[in-house]
Amino acid sequence: MQMSKQEKIIVFVLLILVVLGIGIFVFILPNYSNIEINQKALDNVNSQYSEILSRLERENTIDDDIKTAYDVGKTLADAFYDDLTPVEADEIMRQFIAKGNNIRISELKVGPMATENLSISVIVPGSVTYPLKNFANTVITGSGTESVDLSTMSERERFNYAKQLFASLLSISEPVTVGVSTVSFTAYADELQDLYDLADILNEGIYDETIVDEDGNPQKKATYLNGAKFELSDKSSAILTSAFADVNGGTAPSEQEVTTESAEESNTSSQDENSAWGKYKMDFTVKLYCIEPVADPFGNN
């Protein structure tokens with residue numbers, strides 16, 4: 001039986017619908033549920049790709065940042081000693097002492113290498129207060145969480161606000177542990193000023209003029225004069241009379257006072273030994289703070 005043209009069109013349309021239906025159910029519907037999963041995976045890959053690009057951009061500047069951080073750390077480390085052996089600490093202290101004038105040393109002792117915590121402290125000096133001073137030092141910081149408008153402050157107000165802010169930052173800073181080598185000794189001199197000068201040399205922290213900083217100036221090292229006390233080592237009557245007169249405006253001690261001191265001196269043999277070293281003696285305790293410097297990250301280049 002031969003189909004009419006209209007029937008052929010209907011059959012053709014049905015075949016197309018059947019093919020489309022099979023295609024939808026076989027190919028499209030099974031993968032339709034994966035579209036959302038694939039979209040999330042695509043977003044994740046794009047995010048990773050953006051992160052990789054950021055890292056590649058960072059790679060162009062990271063060497064400069066590392067170099068800057070290393071230079072800052074090196075400048076800080078240069079102000080400290082390297083980890084010291086007792087022999088090295090002894091040699092450094094003898095270089096300090098050699099810079100003094102007419103100084104004689106006995107009982108130089110170097111303690112074992114140890115550690116100590118360093119922290120920043122803020123010293124608040126005592127001062128009188130009065131209404132006008134309080135008004136002049138007032139810093140208006142606003143109320144609640146309002147930000148401080150520095151443009152409305154006077155120069156004095158900005159200065160005081162900066163001091164308060166800096167003190168607050170320092171107060172919350174964490175202590176840092178460093179190495180420390182402690183050296184103690186007794187110094188003798190015929191002039192008290194020579195002992196004071198030695199204390200100044202230690203406080204300055206420059207033991208070797210040939211070691212310079214990045215500006216070419218002698219490098220100061222972290223040297224802390226932990227204690228220094230002096231006494232008159234020669235207690236003979238002539239020395240006591242002179243020292244007593246200096247303190248009392250030229251008035252000499254009585255004969256009884258001199259006789260008493262001379263008697264005490266004759267009973268102490270160690271005083272004769274000390275006076276042979278110098279008229280005055282001062283006991284020093286000095287701490288040498290140490291940091292092991294970080295290796296140069298570009299040393300192999």
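Throughout, residue positions are numbered sequentially from 1 according to the sequence presented. Below, all heavy atoms of this structure are taken into account, side chains as well, without hydrogens, waters or symmetry copies.
The ring pair (Phe, Tyr, Trp, His ring centres under 6.0 Å) search around Phe96 returns Tyr207, not counting sequence neighbours. Residues forming a salt bridge (charged side-chain N to carboxylate O under 4.0 Å, His left out) with Glu116 (at least two apart in sequence, or on another chain): Lys287. Residues meeting the salt bridge (charged side-chain N to carboxylate O under 4.0 Å, His left out) test with Glu209, sequence neighbours left out: Lys99. Asp71 meets the salt bridge (charged side-chain N to carboxylate O under 4.0 Å, His left out) test with Lys67; sequence neighbours excluded.
At least one side-chain heavy atom of Leu84 sits under 4.5 Å from a side-chain heavy atom of Ile92. Contact annotation: the side chain of Phe80 never approaches that of Cys290 to less than 4.5 Å [non-hydrogen atoms, C-beta and beyond]. Side-chain contact between Val286 and Leu288 is present, with at least one heavy-atom pair separated by less than 4.5 Å. Side-chain contact check for Met282 versus Asp194: every heavy-atom pair is 4.5 Å or farther apart. Side-chain contact check for Glu88 versus Asp83: every heavy-atom pair is 4.5 Å or farther apart. For the pair Val18 and Leu15, the minimum side-chain heavy-atom distance is 4.5 Å or more. Annotation: side chain of Thr285 is in contact with side chain of Thr182 (closest heavy-atom distance under 4.5 Å).
Rounded to the nearest 0.5 Å, atoms CG (Asp90) and CD (Gln95) are 10.5 Å apart. To the nearest 0.5 angstrom, Ile9 atom CD1 is 12.0 Å from Leu14 atom CG. The CG atom of Leu195 sits 11.0 Å away from the CG atom of Asn101 when rounded to the nearest 0.5 Å. Atom OH in Tyr289 sits 10.0 Å away from atom OG1 in Thr223 (nearest 0.5 Å).
Annotation for Gln193: atom CD counts as buried by contact number, over 12 foreign heavy atoms lying within 6.0 Å.
Residues Leu198 and Ile97 share a closest heavy-atom pair of CD1-CA, 4.1 Å. Residue Asn102 comes nearest to Ala189 through the heavy atom pair O-CB, 3.7 Å, listed as atom of the first residue, atom of the second, then distance.
In this structure, the side chain of Asn46 engages the main chain of Leu42 through a donor-acceptor pair within 3.5 Å. With hydrogens and angles ignored, the 3.5 Å screen pairs no side-chain donor or acceptor of Asp213 with any backbone N or O of Gln219. Not one N or O on the side chain of Asp215 forms a donor-acceptor pair closer than 3.5 Å with the backbone of Asn217.
Grouping Ile, Leu, Val, Met, Phe, Trp and Tyr by side-chain contacts under 4.5 Å, direct or through others, leaves Val19 on its own.
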List the atom pairs, donor and acceptor, that lie under 3.5 Å between side-chain atoms in residues 106-114 and the rest of the protein, sequence neighbours left out.
none

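Note: Phe284 and Phe185 meet the aromatic proximity criterion, with ring centroids under 6.0 Å apart.
Lys221 has no carboxylate O lying under 4.0 Å from a charged side-chain N of Asp82, or vice versa, which leaves the two without a salt bridge.
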